[in-house]
Amino acid sequence: MNTNEIESFDSRKLPMFIMLAYLVPVLGIGFALYILNYTQTYETERWVPMAALVALFIQIIPILFAVLGILTWYTGA
């Protein structure tokens with residue numbers, strides 16, 4: 001694979017993974033972490049890791065609220 005083929009593969013793969021990181025409820029965390037790991041290994045555009053971080057926070061916050069709600073329901077607080 002030459003560099004043009006690698007760049008075209010990355011230009012198709014990264015936006016797809018970013019969309020999956022936003023749309024898939026729990027597995028989106030894995031997609032976001034994969035993108036962040038990928039951007040540390042390979043040079044990408046500046047918006048890619050920022051979009052992955054936003055997707056990670058969007059996925060983690062509802063999970064934390066759900067865990068907090070379950071804990072308060074069990075403890076009866």
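Everything numeric in this text was worked out from a predicted model, so none of it was measured.
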Got a second to check how far Asn37's CG is from Thr39's OG1, nearest 0.5 Å?
-> 7.5 Å

State the CG-CZ distance between Leu64 and Phe57, to the nearest 0.5 angstrom.
-> 10.5 Å

Value rounded to 0.5 Å, distance of CD1 in Ile58 from CD1 in Ile29 | 12.0 Å

Could you note down all residue pairs passing side-chain hydrogen bond (donor to acceptor under 3.5 Å, both in side chains) where residues 44-54 supplies at least one of them, sequence neighbours left out?
-> Glu45-Trp47

Could you give the distance from CG (Leu56) to CG (Leu33), rounded to the nearest 0.5 Å?
-> 5.5 Å

Check whether Leu53 and Ile63 end up in the same hydrophobic cluster, where Ile, Leu, Val, Met, Phe, Trp and Tyr are linked by side-chain heavy atoms less than 4.5 Å apart.
-> yes

Qualifying side-chain hydrogen bond (donor to acceptor under 3.5 Å, both in side chains) pairs, either residue in residues 16-34, two or more places apart | Lys13-Tyr34

Can you name the closest pair of heavy atoms from Ile35 and Leu14 and give their distance?
-> CD1-O, 4.4 Å

Who passes side-chain contact (heavy atoms from CB on, under 4.5 Å) against Leu27, sequence neighbours left out?
-> Val24, Phe31

Closest heavy-atom contact between Ala32 and Ala21?
-> N-CB, 3.9 Å

Honestly curious: do Val54 and Val48 fall in one hydrophobic cluster under the side-chain, below-4.5 Å linking rule?
-> yes

